[in-house]
Amino acid sequence: MPARDQAVRARYAPSPTGPQHIGGIRSALFGWLFARRHGGQFILRIEDTDQKRSVRGSVEQIVEAFAWLGLDIDEGPHVGGDYGPYVQSQRLDQYQRWANWLVEQGHAYRCFATPDELAEMRKAGRGYDRRYRDFPADRSAEQAAQGMAHVIRFKMPLAGTTRGKDLIRGEVAFDNAQLQDAVLLKSDGFPTYHLAHIVDDHAMRISHITRAVEWLPSFPLHLHIWEAFGWEKPQFAHLPVLLNPNGKGKLSKRRQQFADAGGKSVPVLVHEFQSAGYLPEAVVNFLTNIGWNFGDDREVFTNAEAIARFALQDVNPANSAYPIAKLDWLNSQWIQRIHANELASRLKPALEAAGYAVDESLLRRVAPTLQVRLKSLRDVAPMAGFFFADWNDFAAPPAEILIQRKMDAAGTRHILQSALPLLAALDDFSPEAQHAAIAAYAASSGLKNGAVFGSLRAAVSGQRVSPPTFDVMAILGKAESLRRIKLAVAALETAIA
RNA sequence: GCCCCAUUCGUCUAGCGGCCCAGGACGUGGCCCUCUCAAGGCCAAAACAGGGGUUCGAGUCCCCUAUGGGGCACCA
């Protein structure tokens, strides 16, 4: 059991195509957990060899997403490292040099087929027919020297079977006759993924390639390229992917509606989780639990706890439907789990976003009452926003809020008027003291607790749903609580008159 | 069309030949607790895709079929 293995280096190598998608993050997370488990490094490399698809600002978004989730990166374009640059468009000379080396060694060849010719071949049903595979070397070099447009293709074996070891699936086998002579270097001098990632993973000493299953079909190609270079191969793990919540198709890149998720808009981009009020701890916990499990039936665990147990061999090879409903539960678990003061500081932005000017010491007193009743940080505004509105502006809520079930205006007014002197008489205005006084009143008056407590709740909070009434009053203070109750009494007077 | 990978409750999963008339979790339903909303506790319904093998014994191994996912680009 290697607690430390300096040789372990895993990486996340996304294309900079915009906001970070949760599917990509999940793949990255498994590589990250693996690296951390073995005391290794986790590297970020930007694969921007397709100029058309690159989106400005993507790197910043990736870095922000990882920072928010608490996944630290050891080397990358934003932090540097010994094996940079970590952006492929800055490594072009490497790819060209190695592509030419493969041609010289006879492992690859120049292909002068035009786009029209290729379209023709595709139309005919089969792929590229390898027409330049045996093109004489001298003519090939001559045409290239004349500046004739060409790509460099890899010479795949024409027969036999290629076997590879996948850490998750075990041995996988492919019939070489099915494989094509893939393009390594495009006519614009940019490499394809196939060439670039191998040159980089070798140069950056990557020990374990963790990537999504869609790469499995090109695994044999990559294996042959590694062999052609004569480089020591890393280990491979092809990770399962996330499917839409209904299990149909890969999880969509775009935010969208899913019937199976109750018509709710399902978050898929990292910033959507943040703005929806999910805790990063909950999001990471959620993702870690898909395709991998803690091992002792525990569902709620920290990153550190997961790291201590993580193994790629334990990853479930099957793709999974995106179990988004579980995230709400996990989020509420995490909201209960963090310290109340920590919750307070995380709640502040949500309140401010809702337009409240937040008094931090007040928020610290309110936070404990919210801990068991928030599913999302965003729920704080409807539940407890009233604490942060200007108290001077407080107005009694309408009668339909004040009057509880099976009660009328007169009865409600009577309850509030009776409570007033009882509360006023309390020297200790703690929730417990209030509860004792009011519960005694309810019992002696023959009223249900619900009717009494509910009337008070509505009077002081202005809401039907709120944190526990006596907690609310304790936080508001005796004077403010009494003032609000009197306001409610007055409102009911006019309702009756 | 060809190739690859996968297949346990609605969903996420445990299970690596006997400990499984299949366990946990979310969700759902019920009960309890309860000042609202929650949280919490208890209970319930709910699955080994189908068919062949191998074996004393199969959810676990093999084959076929079905279904799902992915790939077959000068995208990654």
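Not measured: the values here are computed from a predicted model. Just so we're on the same page: letters track the sequence lines, and every chain starts at 1.
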- May I ask you to say what Ala113(A) touches in the nucleic acid, namely base, sugar-phosphate or nothing, with a heavy-atom cut-off under 4.0 Å? base
- Task: Would you kindly give the CZ-to-P distance between Phe219(A) and G71(B), to the nearest whole Å?
- Result: 17 Å
- Item | Watson-Crick or G-U counterpart of A14(B), or none if no pair lies under 3.5 Å | none
- Note on the structure: Against the side chain of Asn319(A), the closest entry in G69(B), C35(B), G24(B) is G69(B)
- Message: Using the side-chain heavy atoms of Met383(A), tell me which of these nucleotides is nearest: A39(B), C74(B), C37(B).
- Response: C37(B)
- Could you tell me whether Pro468(A) contacts a base, only the sugar-phosphate backbone, or nothing, with contacts defined as non-hydrogen atoms closer than 4.0 Å? base
- Report yes or no: is the cationic atom of Arg153(A) (NZ for Lys, CZ for Arg) under 6.0 Å from the centre of the six-membered ring of Tyr132(A), at an angle within 45° of the ring normal? no
- Query: Looking across every strand, which nucleic acid part, if any, lies under 4.0 Å from Ala173(A) by heavy atom: base, sugar-phosphate, or nothing?
  - Reply: sugar-phosphate
- In Watson-Crick or G-U wobble terms, both distances under 3.5 Å, what is the partner of U60(B)? none
- Message: Mind checking if Gln180(A) touches a base, just sugar-phosphate, or nothing, with heavy atoms under 4.0 Å?
- Response: sugar-phosphate
- With a 4.0 Å cut-off on heavy atoms, is Leu118(A) in touch with a base, just the backbone sugar-phosphate, or nothing at all? base
- Query: Nearest of C26(B), A14(B), U11(B) to any side-chain atom of Asn293(A)?
  - Reply: A14(B)
- Which of these nucleotides, A6(B), C37(B), C35(B), is closest to any side-chain atom of Arg373(A)? C37(B)
- Query: Nearest-Å distance, CZ (Phe453(A)) to P (C37(B))?
  - Reply: 15 Å
- Item | Distance in angstrom units between Arg405(A) CZ and C35(B) C1', rounded | 13 Å
- Here the distance between atom P of C72(B) and atom CZ of Phe174(A), to the nearest Å, is 13 Å
- Message: Please tell me if Lys448(A) has a side-chain N or O lying less than 4.0 Å from either OP1 or OP2 of U34(B).
- Response: no
- Message: Rounding to an integer number of Å, can you tell me how far Leu242(A) CG sits from G69(B) P?
- Response: 14 Å
- Message: Would you call the rings of His197(A) and His222(A) parallel, tilted or perpendicular, taking 30° and 60° as the class edges?
- Response: perpendicular
- Residue matched to C72(B) through Watson-Crick or wobble contacts both under 3.5 angstrom: G1(B)
- Task: Please state whether the rings of Phe236(A) and Phe219(A) are parallel, tilted or perpendicular, taking 30° and 60° as the class boundaries.
- Result: tilted
- Query: From C35(B), U7(B), A39(B), pick the nucleotide closest to the side chain of Asn449(A)?
  - Reply: C35(B)
- Task: Write down the partner of A6(B) under the Watson-Crick or G-U wobble criteria, each distance required to be under 3.5 Å.
- Result: U67(B)
- Query: Under 4.0 angstrom, heavy atoms only, what part of the nucleic acid is Val151(A) near: base, sugar-phosphate, or nothing?
  - Reply: base
- Task: Provide, to the nearest angstrom, the distance between the CG atom belonging to Leu243(A) and the P atom belonging to G68(B).
- Result: 12 Å
- Does any donor-acceptor pair link the side chain of Ser187(A) with the base of C74(B) at a separation under 3.5 Å? yes
- Message: What contact category does Thr49(A) fall into here, base, sugar-phosphate, or nothing, at under 4.0 angstrom with non-hydrogen atoms?
- Response: sugar-phosphate
- Which class fits the ring pair Phe301(A) and Trp292(A): parallel under 30°, tilted 30 to 60°, perpendicular over 60°? perpendicular
- Indicate the atoms forming the closest heavy-atom contact of Gly385(A) with Leu351(A), along with that distance. CA-CD2, 4.3 Å
- Item | Ion pair check, Asp181(A) and Arg130(A), cut-off under 4.0 Å | yes
- Query: Is the distance from OP1 or OP2 of A38(B) to the nearest side-chain N or O of Gln333(A) less than 4.0 Å?
  - Reply: no
- Note on the structure: Among the nucleotides A39(B), C12(B), C35(B), whichever has the atom closest to the side chain of Val372(A) is A39(B)
- Query: Do the rings of His150(A) and Phe112(A) sit parallel, tilted or perpendicular, given the 30° and 60° boundaries?
  - Reply: tilted
- Candidate nucleotides G69(B), A76(B), G24(B), ranked by approach to the side chain of Val241(A) - the nearest: G69(B)
- Using a heavy-atom cut-off of under 4.0 Å over every strand shown, decide if Trp292(A) touches base, sugar-phosphate, or nothing. nothing
- Looking at every strand, decide which applies to Ser15(A) at a 4.0 Å heavy-atom threshold: base, sugar-phosphate, or nothing. sugar-phosphate
- Message: Does Gly249(A) reach a base, just sugar-phosphate, or nothing at all? Heavy atoms under 4.0 Å.
- Response: sugar-phosphate
- Query: Where the side chain of Val465(A) is concerned, which of U36(B), C35(B), G71(B) is the nearest nucleotide?
  - Reply: U36(B)
- Look at all strands and tell whether Tyr193(A) reaches a base, only sugar-phosphate, or nothing, counting heavy atoms closer than 4.0 Å. base
- Atom-pair distance (CG on Leu374(A); P on U36(B)), nearest Å: 18 Å
- Identify whether any heavy atom of Glu47(A) sits under 4.0 Å from a base atom; if not, whether one sits that close to sugar-phosphate; answer base, sugar-phosphate or nothing. sugar-phosphate
- Query: Contact class for Phe190(A) (heavy atom, under 4.0 Å): base, sugar-phosphate, or nothing?
  - Reply: nothing
- Write down the distance between CD (Gln371(A)) and C1' (A39(B)), rounded to a whole number of angstrom. 11 Å
- Message: Regarding Asp296(A), tell me which of base, sugar-phosphate or nothing describes its non-hydrogen contacts under 4.0 Å with the strands shown.
- Response: nothing
- Item | Watson-Crick/G-U partner (both atom distances under 3.5 Å) of U34(B) | none
- Note on the structure: Taking U11(B), C2(B), A39(B) as options, the one with an atom nearest any side-chain atom of Gln336(A) is A39(B)
- Could you tell me whether Glu305(A) and Arg298(A) have a side-chain N and a carboxylate O separated by less than 4.0 Å? yes
